[in-house]
Amino acid sequence: MVIRILLVGNAAREHALAEAIKRSKHETKLYSYMKANNPGIAKFSEEFKIGSYSDLEAIREFALKNSVEFAVVGPEEPLDKGVVDALEDSGIYAFGPKKNLAQIETSKGYTRELMKEYNIRGNPKFKVFTTMTGIEEFLATLDGFVIKPDGLTGGKGVMVQGEHLITVPEALEYCNSVLKTHPAVVIEEKLEGEEFSLQCLTDGKTVIATPPVQDHKRAYDGDKGPNTGGMGSYSCENHLLPFLTEKDIREGLEITKDVARALYAETGELYKGVMYAGLITTRNGVKLIEYNARFGDPEAMNVLSLLKTDFVDICKAIIDGKLDKIKVEFSKKATVCKYAVPEGYPENPVKNKKVDINNIPKKAKVYFASVDNKIDSLYMTGSRAIAVVGVADTLYEAEQIAEMSIKKIKGPVFYRSDIGTKQLISKRIRHMNRLRK
Ligand code: AMP
Ligand code: GLY
């Protein structure tokens with residue numbers, strides 16, 4: 001029996017999801033709803049439709065017209081709009097949380113308060129403010145602070161003292177401007193340590209961690225330059241990271257299990273899909289930076305490249321509430337993902353420039369992100385363009401594959417050559433050793 005599946009999203013993450021679906025032992029037909037034509041996803045799809053993620057009616061119509069059995073939702077935007085609720089109203093269930101559960105990503109204040117109410121460890125000192133009253137006093141109690149608008153900001157609204165804001169008057173001015181456009185502002189203690197992503201699969205009851213991944217947010221080598229959506233990421237063959245202990249992973253998973261339970265207690269609904277914990281290991285153990293209600297981009301490319309279990313079986317088990325019945329396994333290999341981005345990214349990227357990927361060696365996996373496939377060539381549209389992934393027995397080899405492949409991309413692009421290298425990883429280890437001393 002053919003399984004008909006709706007995929008929502010058009011980034012490299014969804015390209016990797018489409019590939020994971022097509023790798024299934026089941027015969028599948030993929031119907032993709034995208035904001036822009038991603039040629040990698042289109043290639044795997046029986047049919048695709050281009051439209052807005054706010055147009056829930058169009059997504060539902062497309063799903064119904066193609067009689068899909070279930071949906072896989074990649075990005076946060078349609079989750080925030082309530083696409084899972086809209087599909088469920090028509091009897092189509094999804095790998096992805098409903099709108100109220102997606103709040104773990106869409107409202108940082110909600111997540112912090114939920115964890116506090118249910119006594120879940122991992123919160124830094126924090127307070128949520130809806131007016132300016134008390135902000136100055138609270139800032140005075142913190143050694144270092146971070147200010148976050150309460151709502152989706154595309155990773156760009158978070159201000160970290162020392163990196164973006166220095167003085168208290170600057171912080172107050174920023175809070176004031178945030179409160180004009182957002183219902184609340186979250187202020188929290190600045191944590192120091194190494195960040196990692198623990199993407200957990202869940203049906204709302206069972207929570208399974210995928211291998212931890214480290215992303216690189218800064219645009220340039222040596223963690224310099226502006227923040228981006230993520231320039232690349234790596235994972236290790238032992239399913240740890242060089243600066244992490246097994247205990248760190250256990251703690252991250254325990255926090256996520258507790259949050260899944262709290263969400264159910266609070267809403268009476270089961271969270272289905274990915275709870276991506278953005279964690280930081282500090283001298284006082286693991287703390288939560290934020291949750292995302294979806295796979296990470298680029299981190300999806302790391303873990304889906306390693307996934308041995310049939311992804312369609314995982315989706316069905318999650319939707320049916322039977323995740324405890326299957327064994328989710330990952331290859332004991334290392335992965336390195338590097339993104340080629342247009343020159344000038346993220347602030348002033350060149351747009352509508354040709355990018356040529358024809359010389360990338362077969363050894364690497366290639367995923368399309370912000371590109372448009374026109375008749376004559378592939379064009380970059382301004383955001384991260386092409387992701388390449390090396391998978392190998394060791395991190396060294398995986399990095400070599402990614403590096404020699406990304407070099408072959410022709411066009412006005414740049415990338416980080418330090419991701420996954422010994423030099424950068426030693427720096428991370430030294431940083432953690434210094435903190436733990
Ligand atoms: P978020 O959108 O919450 O992931 O924040 C973006 C980035 O800001 C994170 O990846 C961290 O590097 C940084 N950040 C957020 N919260 C904190 C915190 N409490 N302490 C230190 N850095 C933080
Ligand atoms: N890589 C960060 C994110 O997907 O949000």
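Atoms within a ligand are numbered from 1 in the order they appear, just like the ligands themselves. Residue numbers run from 1 in the order of the sequence given. Just so it is clear, the model here is predicted, and its values are computed rather than measured.
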Exercise. Can you list the ligand 2 atoms lying under 4.0 Å from a non-hydrogen atom of G229?
Worked result: 1 (N), 2 (C)
Exercise. Which atoms from ligand 2 have a heavy atom of P298 less than 4.0 Å away?
Worked result: 1 (N)
For this session: Provide the number and element of each atom of ligand 1 under 4.0 Å from a heavy atom of K148.
Result: 3 (O), 15 (C), 16 (N)
What pairs of donor and acceptor atoms, side-chain ones from residues 252-260 against any protein atom, are under 3.5 angstrom apart with sequence neighbours left out?
| unit_1 | atom_1 | unit_2 | atom_2 | d |
| --- | --- | --- | --- | --- |
| T256 | OG1 | G252 | O | 2.9 |
| T256 | OG1 | Y291 | OH | 2.9 |
| D258 | OD1 | R261 | NH2 | 2.7 |

Exercise. Looking only at heavy atoms, is any part of V146 under 4.0 Å from ligand 1, and if so is it the side chain, the backbone, or both, or is it neither?
Worked result: side chain
Exercise. So which protein heavy atom does atom 2 (C) of ligand 2 come closest to, and at what separation?
Worked result: Y276 OH, 3.4 Å
Exercise. Are D80 and R294 close enough for a salt bridge, meaning some N to O gap below 4.0 Å?
Worked result: no
Seminar exercise, completed: The atoms of ligand 1 lying under 4.0 Å from a heavy atom of E290, numbered in the order shown, are 1 (P), 2 (O), 3 (O), 4 (O)
Exercise. Can you list the atoms of ligand 2 that are under 4.0 Å from a heavy atom of N292?
Worked result: 5 (O)
Seminar exercise, completed: Atoms of ligand 1 under 4.0 Å from any heavy atom of E189, numbered from 1 in the order shown, are 18 (C), 19 (N), 20 (N)
For this session: Could you note down all residue pairs passing side chain to side chain donor-acceptor pair (under 3.5 Å) where residues 199-212 supplies at least one of them, sequence neighbours left out?
Result: none
Exercise. Can you list the atoms of ligand 2 that are under 4.0 Å from a heavy atom of R294?
Worked result: 3 (C), 4 (O), 5 (O)
Exercise. Atoms of ligand 2 less than 4.0 Å from G296 heavy atoms?
Worked result: 4 (O)
Seminar exercise, completed: ligand 2 to D215, heavy atom cutoff 4.0 Å, flagged ligand atoms 1 (N), 2 (C)
Exercise. At a non-hydrogen distance cut-off of under 4.0 Å, which region of K287 contacts ligand 1 (side chain, backbone, both, or neither)?
Worked result: neither
